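Please read the structure below before turning to the comments.
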Amino acid sequence: MTLIVTDDQGRSAATTRRVSPRPPGQASLFVSDDFSRTVSGGLGTAALGGSWATGAGSAYSVSGGTARITTAKVGQTLTAGLPAVTRTDTDLRMTLGEDRLASGGGLYLAVVGRHVATNVEYQGKLRIRADGSVVIGIQALAGTATATAVRADAVLPGITVTAGARLATRMQVVGTDPTTLRWKVWPATAAEPAAWSQTATDATLPCRPPAASACRRTCRRRARSHPW
């Protein structure tokens, strides 16, 4: 884009800048990561959004365009997030998978669309059961570690996950008092469906502008080794 300014004496000056136009209504990215780096003992720094905050370093690594979180025992919960980024409204997309199907209760993951404080957040819940079926739900933590269902768990029809397969996810969290939540999960090899898998409104979280609500990408895993 070139901007030319002319004064009342007929003198002019010009400046040129490169811009990236966006369609009307399309928000700017504030978090993005393609994991195009090699890291051990953590997840490194996102392409946009700052450094990843993780738990025990040895469980986290990045290579080949994939972030990996490896759980060492049943019942273990691991998280990763970008705490430097704060937004009230988020539209979060993430691709998830596991290298093998977990036995027993399966694999549990939570994509956090809004994090206000410890144990105060909205989550898109995803469970891959031992038979490959997928259960989803929307839940809130309202000051305790015990989640409250905002939208009840439901089995996704027509989807069966195999080892190494990926699932695409998208979660929107918009507004306060009430907050609108939208959640969808589909096979990463397929086109994104137009319809949301689940939607809900909720006023559980004590979030009011200008309260800082962090957008974190969080995976809680209770099984074995699983890549993003």
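By convention here, the first residue in the shown sequence is residue 1. Since the structure is predicted, the reported quantities are computational estimates derived from the model, not experimental observations.
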Worksheet item: Given side chains that start at C-beta, do those of Leu82 and Trp52 come closer than 4.5 Å, heavy atoms only?
Response: yes
Fill in: Any donor-acceptor N/O pair, Thr169 side chain to Thr95 backbone, under 3.5 Å
no
Fill in: Sub-4.5 Å side-chain heavy-atom contact between Thr148 and Thr204
no
Fill in: Closest heavy-atom pair and its distance - Ala67, Phe35
CB-CE2, 3.5 Å
Discussion item. Do Val120 and Val111 sit in one hydrophobic cluster, given that two such residues count as connected whenever their side-chain heavy atoms are within less than 4.5 Å of each other, even indirectly?
Written reply: yes
Worksheet item: Does some side-chain heavy atom of Leu141 sit less than 4.5 Å from a side-chain heavy atom of Gln123?
Response: yes
Item to complete: Indicate the atoms forming the closest heavy-atom contact of Ser32 with Ala46, along with that distance.
Response: O-CB, 3.9 Å
Worksheet item: Heavy-atom distance under 4.5 Å between the side chains of Leu205 and Val116, does that happen here?
Response: yes
Worksheet item: Would you say the side-chain atoms of Asp177 pair up with the backbone N or O of Ala203, donor to acceptor, closer than 3.5 Å?
Response: no
Worksheet item: Can any side-chain N or O of Thr179 pair as donor or acceptor with the backbone N or O of Gly175 at less than 3.5 Å?
Response: yes
Worksheet entry | Inter-residue atom distance Tyr122.OH - Met171.CE, 0.5 Å rounding | 9.0 Å
Discussion item. With side chain to side chain contact (heavy atoms under 4.5 Å, CB included) as the test, pick out the partner of Leu48 among Leu29, Asp34, Val31, Asp33.
Written reply: Leu29
Response to the item:
d(Ile128 CD1, Leu109 CG) to nearest 0.5 Å is 6.0 Å
Worksheet item: Is Met94 linked to Trp196 within one hydrophobic cluster, defined over Ile, Leu, Val, Met, Phe, Trp and Tyr using a side-chain heavy-atom separation of less than 4.5 Å?
Response: no
Response to the item:
For residues 185-197, the salt bridge (charged side-chain N to carboxylate O under 4.0 Å, His left out) pairs (sequence neighbours left out) are Arg93-Glu192, Arg170-Glu192, Lys184-Glu192
Item to complete: Answer yes if Val135 and Ile138 sit in the same cluster of Ile, Leu, Val, Met, Phe, Trp and Tyr residues linked by side chain heavy atoms under 4.5 Å apart, and no otherwise.
Response: no
Worksheet item: What residues form a side-chain contact (heavy atoms from CB on, under 4.5 Å) with Thr180, not counting sequence neighbours?
Response: Arg182, Thr201
Discussion item. Test your reading of the model: is there a side-chain donor-acceptor pair from Arg114 to the backbone of Thr88, 3.5 Å cut-off?
Written reply: yes
Worksheet entry | Salt-bridge criterion met for Asp91 and Arg87 (N-O under 4.0 Å) | no
Response to the item:
For Gly49 and Ala84 the tightest heavy-atom approach is O-CB, 4.1 Å
Worksheet item: Sequence neighbours excluded, which residues qualify as side chain to side chain donor-acceptor pair (under 3.5 Å) partners of Ser51?
Response: Thr45
Worksheet entry | Derivation of the side-chain contact (heavy atoms from CB on, under 4.5 Å) call for Ile136 and Leu126 | CA-CA 5 Å; Ile136 64 170; Leu126 169 62; 4.0 Å; yes
Worksheet item: If you look only at pairs with a residue in residues 38-58, which of them pass as a salt bridge (charged side-chain N to carboxylate O under 4.0 Å, His left out), with sequence neighbours excluded?
Response: none
Worksheet entry | Heavy-atom closest contact (Arg37 atom, Leu43 atom, distance) | NH2-O, 2.8 Å
Between side-chain atoms of residues 58-65 and protein atoms elsewhere (two or more places apart, or another chain), which donor-acceptor pairs fall under 3.5 Å?
from: Tyr60; atom 1: OH; to: Gly55; atom 2: N; distance (Å): 3.3
from: Tyr60; atom 1: OH; to: Thr79; atom 2: N; distance (Å): 3.2
from: Tyr60; atom 1: OH; to: Thr79; atom 2: O; distance (Å): 2.7
from: Ser63; atom 1: OG; to: Arg68; atom 2: NH1; distance (Å): 3.1

Pairs under 3.5 angstrom only: tabulate donor-acceptor contacts from the side chains of residues 149-163 to other protein residues two or more places apart or in another chain.
from: Arg151; atom 1: NH1; to: Thr199; atom 2: O; distance (Å): 3.0
from: Asp153; atom 1: OD2; to: Lys125; atom 2: NZ; distance (Å): 2.9

Worksheet item: Once you round to the nearest 0.5 Å, how far does CD of Gln172 lie from CG of Leu92?
Response: 10.5 Å
Discussion item. Less than 4.5 Å apart, side chain to side chain, heavy atoms only: is that true for Trp186 and Leu167?
Written reply: no
